[in-house]
Number of protein chains: 2
Amino acid sequence: MFEVTRTLYDCLVQCASEYREGVPPKEFTSVWAREPRGQREQGLSRDQIVRAAMEILDAEGLEALSMRKLGARLGAGATSLYWHVATKDELLELAMDQAWGEIQLDPEKSWRETASDYSYGLRGTMLHHLWLGSLLGGMPSIGPQALRASATLLNAFQRGGFEGMEIDFAVNSVISYTLGATLPEIAWRTMVFRSGSTEEEQVEAMTPIIEAATAHTPELRERHREYMSGSYDPAVARNLAFDYGLVALLDGLAARLLQPDRPGSRTAQSSAVTPAESTAAQPT
Amino acid sequence: MFEVTRTLYDCLVQCASEYREGVPPKEFTSVWAREPRGQREQGLSRDQIVRAAMEILDAEGLEALSMRKLGARLGAGATSLYWHVATKDELLELAMDQAWGEIQLDPEKSWRETASDYSYGLRGTMLHHLWLGSLLGGMPSIGPQALRASATLLNAFQRGGFEGMEIDFAVNSVISYTLGATLPEIAWRTMVFRSGSTEEEQVEAMTPIIEAATAHTPELRERHREYMSGSYDPAVARNLAFDYGLVALLDGLAARLLQPDRPGSRTAQSSAVTPAESTAAQPT
DNA sequence: GAGTGACCTCGAACACTGTACGAGACCCCC
DNA sequence: GGGGGTCTCGTACAGTGTTCGAGGTCACTC
């Protein structure tokens, strides 16, 4: 594993110098760096704008949101918005954080329950706001609501017995899995959404493409056929798949928690390819 | 868990009807649905265009790619490209799949090794092509290269002893974790990239924002300070975090593989909040 | 050699986009 | 009444993806 890690690290360093050919440097900015402008209580407000933006985003998708359309919805000129919001990207940052705020956690629960709540909460929010999919990979979530949720999760893990860097690692893995598991669903649902048809129609429309694409990978084609013939409800199947991976991950974390030799657990005793010694993988 | 799942399912159904206010239906299309056009061997070619597009994407980022710029780079008019590629989205689909092709897997290895290779491979590719981050959440990866890699992974899991739907579930969880773990890194690196400064400068520029944002979550602030004072190399720390979660997940999957009662494993015996019976979480 | 039709290029134009700028309107306080 | 901050917005600019149709270049047939 160390070798692979080394390679990756080199890649990162190399990327840093390789990129940026003729791109003009754009100073780092974020809504959270600057405080909101308005004081007066009339006319437009930031909250109002963000709310309206989310309505458009939810109803028509990310690329349907334009400043002109948003202004029109609010009965205002497009450029009026720029008094309350510096750029469109900042507006999206605000909308993102608003969505993060929908995740509600109980700070009293166990680490495992909290992880589960967080995971299902994030997934639900993402599926409710499909536009989050394209945004999460482009701009970091550093808004107060996102941080609040992560802090609660982090606290639960700390109380649960994780220590040092392991807290961050474990928390990160839960967030990562949730994000990654939901993303392809979002991509799929976005496609269905844009097509204007139902999921069933879309599946039907996709079948010839899948058949053609899997012409040279018979095992995949086989699995797809089996999958289709089972007449599963796709939404239910996705939920099962999501839960399966989440359980596996949490089990793995729980196992780590019970390892006898965890000094600072700075150095990983096991690698990705060799199973950890004291898990159920090797019966005692 | 069933209750939560139920809620999610309802949400999905509800979304399907709630969305789509005034969006014009756009027939489903994909590059993979239509076969390429050109036959003659002169002038532009699809490969050439995709390659040039990826050069721009790598060097200047997703939003720097415009058809006019791409045309100019190839010494052609912008609209000439439309003979070889139906839309810009299709071009991006092609570029995405080209990136997927960079993942090389050995079909002889064990399921755990293959999972590790896949995971590190995907992560490396994503970090090499930052623009993938914004794309993976928007359009599904159903190109031949993406399918090829997934098929290899799937085969390895099947050989490794996974059965029925569990194969899909396990494979999905590995892909999901990798995707989700890399996405925030991409978001961060994209931000650094756009700012034009080094990672260290960016971290320094971010500090006051983090301090301000974590004003009401002292535990997070504490952790951030500890993290900063440790003077870790951020890239190394990220690699450790990535490996930690991957190991935990693979351990969890391995544990599932050894469970004695796995009939068709259609129904999950354990839920996200209650640890599975036969893992190390509950010592026998 | 003329003709035909497929392959390929591209300039002009259209309907958009995000946003800078500056003129003006409103309101409160001196 | 007169500032001065708060807020709106029409105009304009430089760009975007994409359509359309006119033209050019081949390989082939008669």
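First the proteins, then the strands, lettered A, B, ... as listed; each starts at 1. Only a predicted model underlies this, so the values are computations on that prediction, with no experimental measurement involved.
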Do B:E60 and B:R194 sit within salt-bridge range, that is, some charged N less than 4.0 Å from a carboxylate O? no
Could you go step by step and tell me if B:W131 and B:L136 meet the side chain to side chain contact (heavy atoms under 4.5 Å, CB included) rule? CA-CA 9 Å; B:W131 41 276; B:L136 286 169; over 6 Å; no
Taking only nitrogen or oxygen atoms into account, show me every contact under 3.5 Å that the protein makes with nucleotides 8-10 of chain D, one pair per line with its distance.
unit_1	atom_1	unit_2	atom_2	d
D:dT8	OP1	A:L44	N	3.0
D:dT8	OP2	A:H84	NE2	2.7
D:dC9	OP2	A:G77	N	2.9
D:dC9	OP2	A:S80	OG	2.9
D:dG10	O6	A:T79	OG1	2.8

Interatomic distance where CD belongs to B:E60 and P belongs to D:dG15 [whole Å]: 14 Å
Donor-acceptor pair between B:W100 and B:T125 side chains, under 3.5 angstrom: no
Taking NZ from A:K88 and C1' from D:dG15, how many angstroms apart are they, rounded to a whole number? 14 Å
Any salt bridge between B:K69 and B:E63, counting N to O under 4.0 Å? no
Take the protein atom CD of A:E63 and the nucleotide atom P of C:dT17, then report the distance between them rounded to whole Å. 12 Å
Do B:E102 and B:H129 have side-chain N/O donor and acceptor atoms under 3.5 Å apart? yes
Taking CD from B:E90 and P from D:dG17, how many angstroms apart are they, rounded to a whole number? 15 Å
Find the distance B:M67:CE to C:dC10:P and express it as a whole number of Å. 14 Å
Just how far, in rounded Å, is P of C:dG18 from NZ of A:K69? 10 Å
B:E90 side chain vs B:T87 backbone, donor-acceptor pair below 3.5 Å: no
So, OP1 or OP2 of D:dT16: does either fall under 4.0 Å of a side-chain N or O from B:R68? yes
Nearest-angstrom distance from the residue atom OH of B:Y82 to P of C:dC10: 15 Å
Atom CG of A:L65 and atom P of C:dG18 are separated, to the nearest Å, by 7 Å
